[in-house]
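Structure first, commentary second.
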Amino acid sequence: MKKSYLPILILALLAVGGVSTSVYLQAAKAEEKVDVTIEVKGTDTMMYDKTAFEVKAGQKVKLVFKNIGKLPKAAMGHNLVILKKGVNVATFCSEAIKFAAKDYFPETKKDDVVATTKLLGPGESDTVIFTAPEAGTYDYVCTFPGHFALMKGKMTVK
Ligand SMILES: [Cu+2]
């Protein structure tokens with residue numbers, strides 16, 4: 001009988017280990033040195049508060065995206081996906097609709113992406129760090145179904 005507790009104990013230890021590892025990783029991410037921080041908010045009226053921002057090629061960019069709405073994620077979830085130069089926004093977003101189970105991130109088109117946040121519910125935020133690509137103009141969009149018509153912007157890399 002005593003023996004049967006062993007797997008539970010191991011699972012418990014693994015769980016504790018997992019938590020402390022992810023806390024450590026988050027802390028490392030927060031302290032990572034970056035060249036520029038860009039903050040964008042998404043709202044219940046299907047808008048980004050910032051529809052353009054500028055960075056320099058090669059800069060380490062910290063993108064902080066926050067959903068400041070109150071509507072549930074299933075009705076008004078938001079993400080921010082920066083597309084590579086020349087990627088067609090409508091084509092990308094119609095593919096994304098097929099990926100409801102993946103929070104509308106089209107894994108078949110991940111090579112079209114410079115950086116992406118998670119899909120966020122009300123009050124949530126996500127931070128991603130990426131290196132700004134070569135000079136040019138890059139579209140960013142929310143891939144939640146129907147949102148890209150309004151939730152879009154341009155990242156200019158100088
Ligand atoms: Cu959205």
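Just so you know, these numbers use all the heavy atoms, side chains as well, and skip hydrogens, waters and symmetry mates. Counting starts at 1 for both ligands and their atoms, in listed order.
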So, T131 and Q59: side-chain donor and acceptor under 3.5 Å apart, yes or no?
no
Can I get a per-line list of side-chain donor-acceptor pairs under 3.5 Å for residues 72-84, giving both atom names and the distance, sequence neighbours left out?
unit_1 : atom_1 : unit_2 : atom_2 : d
K73    : NZ     : L119   : O      : 3.4
H78    : ND1    : H147   : ND1    : 3.4
H78    : NE2    : T43    : O      : 2.8
N79    : OD1    : T143   : N      : 2.8
N79    : ND2    : T143   : OG1    : 2.7
K84    : NZ     : D111   : O      : 2.8

Restricting to distances shorter than 2.8 Å, give the number of protein N, O or S atoms close to the Cu ion (ligand 1).
4
Partner residues of F53 under the ring pair (Phe, Tyr, Trp, His ring centres under 6.0 Å) criterion, sequence neighbours left out:
Y140
Basic-acidic side-chain contact under 4.0 Å: K60, E32:
yes
To which residues is V64 joined in a hydrophobic cluster, defined by side-chain heavy-atom contacts under 4.5 Å among Ile, Leu, Val, Met, Phe, Trp and Tyr, whether direct or through other members?
none
Hey, is K118 close enough to E124 for a salt bridge, meaning N to O under 4.0 Å?
no
